[in-house]
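Single-structure report; data block below.
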Amino acid sequence: MQQLQGAPWLLAHRSMLKQQPMKISLLGNDYVLWQDRHGKISALPNACPHMGAMLSEGWCVNKSDGSSAIACPFHALEFNHLGCTVLPGSNKQTKSLLKPLELIIQGDFIWSYGGYEPKIAVPSIMNEIAAEYEFIGVTGERSIATDFLSLLLNMHDYNHQNGTHRELFEIEEVQVKQFIDEGLHSHAYLSQPRKQPTWRDILKNPAQLALPKVLEAHLENFFPFMGLLHGENKLLSLKECHFYVPEAEHRSRVFVLMYMKAHSVSAHLLKGNLLKLIDVVVDQDAKILSKIYANTPQRIKLHNEVGMDWVRRNAREFSSSR
């Protein structure tokens with residue numbers, strides 16, 4: 001966890017915040033995240049300072065000024081965004097008993113450095129995408145029982161489509177056309193011929209219509225917190241935005257924000273199926289990550305492991321970078 005301090009982490013998209021509190025885990029700590037009626041988003045440590053109950057299991061209490069507090073599910077103590085409460089029988093507010101988690105709110109995006117000194121600036125690309133593309137939704141959210149390095153290696157492994165996702169995409173070959181290494185930022189351009197889907201496959205998942213015979217993928221990577229798939233075809237332009245969050249030493253979270261620009265009216269009919277398709281992809285990744293021996297020495301090296309090499313190098317160097 002210490003090796004990852006200083007990176008920005010996208011905790012959630014505003015659409016993920018419902019009426020109830022949301023539990024967030026980051027770098028070994030748990031927090032409760034919530035939004036009031038004015039749209040103000042706050043986060044506190046998740047353990048009530050009375051007897052340790054999870055505040056995320058409580059509820060939001062709306063105040064007359066539009067703000068809201070978090071009520072503890074154990075004794076209904078209410079904590080405001082500063083971590084202060086009023087004890088029963090007292091009209092006086094306590095000092096802050098819970099240190100708020102510092103958040104960076106940019107439109108619908110909720111970022112945090114987890115309380116550590118920033119080493120990397122929050123990238124502007126998500127604001128640029130949100131300004132130009134239609135937001136489809138959130139998909140693929142999983143908390144996976146895997147260490148963070150294993151998660152990143154999987155997400156930058158350009159060969160695993162042949163195994164993990166073989167039935168979904170039926171990739172026949174993976175060709176890395178170009179890999180541009182810019183330190184903590186990189187671009188990978190892939191060409192992936194695939195077996196043509198049958199009508200039965202298309203009826204099962206109409207999103208297959210948006211997949212060409214050869215998948216030409218442009219992957220843009222931001223170590224260690226984000227990866228983007230830039231997709232383009234005659235129906236639509238797609239921005240598939242993957243976010244990685246280190247929850248604890250052996251638990252990692254992933255979720256995907258989907259954006260598109262329709263080139264055809266029929267593209268709008270595919271929104272729900274695109275979300276389902278990516279949910280299946282993430283589910284397949286999550287299952288394989290839960291069934292690996294993470295510390296096994298690698299004695300075989302395949303072609304096209306340049307993305308994994310990029311992850312390993314940055315993982316070694318990031319903790320010493322400024």
Treating [X] as the side-chain partner and [Y] as the backbone partner, does any N or O pair qualify as donor plus acceptor under 3.5 Å?
X	Y	result
D36	K40	yes
S42	W34	no
R37	N62	no
Y113	I120	yes
T139	I278	no
R316	V311	no
W310	G183	yes

What's the shortest heavy-atom distance between [X] and [Y], and which atoms?
X	Y	value
S252	D147	OG-C, 3.5 Å
P73	L55	CD-CA, 4.3 Å
L10	V245	O-CG2, 3.6 Å
H160	D285	NE2-OD1, 3.1 Å
L4	W9	O-CZ2, 3.6 Å

Report yes if some heavy atom in the side chain of [X] is under 4.5 Å from a heavy atom in the side chain of [Y]; otherwise report no.
X	Y	value
L26	P246	yes
P8	F225	yes
L190	Y158	yes
F109	N127	yes
E220	H230	yes
H250	T146	no

[X] and [Y]: side-chain donor and acceptor closer than 3.5 Å?
X	Y	answer
S124	E128	yes
E305	Q298	yes
Q284	T164	no
S25	D30	yes
E78	T85	no
S67	H38	no

*If Ile, Leu, Val, Met, Phe, Trp and Tyr residues are connected whenever their side-chain heavy atoms lie under 4.5 Å apart, and connections chain through other members, are L44 and I41 in the same group?*
no
Residues [X] and [Y] bridged, charged N to O under 4.0 Å:
X	Y	answer
E134	K261	no
D279	R142	yes
K301	D309	yes
R313	D181	yes

*Can you list the steps and then say if L77 with F79 is a side chain to side chain contact (heavy atoms under 4.5 Å, CB included)?*
CA-CA 7 Å; L77 291 175; F79 295 89; 3.8 Å; yes
*Could you please spell out the steps behind the ring-ring contact (aromatic ring centres under 6.0 Å, His included) verdict for F243 and F255?*
CA-CA 6 Å; F243 295 94; F255 63 95; 5.5 Å; yes
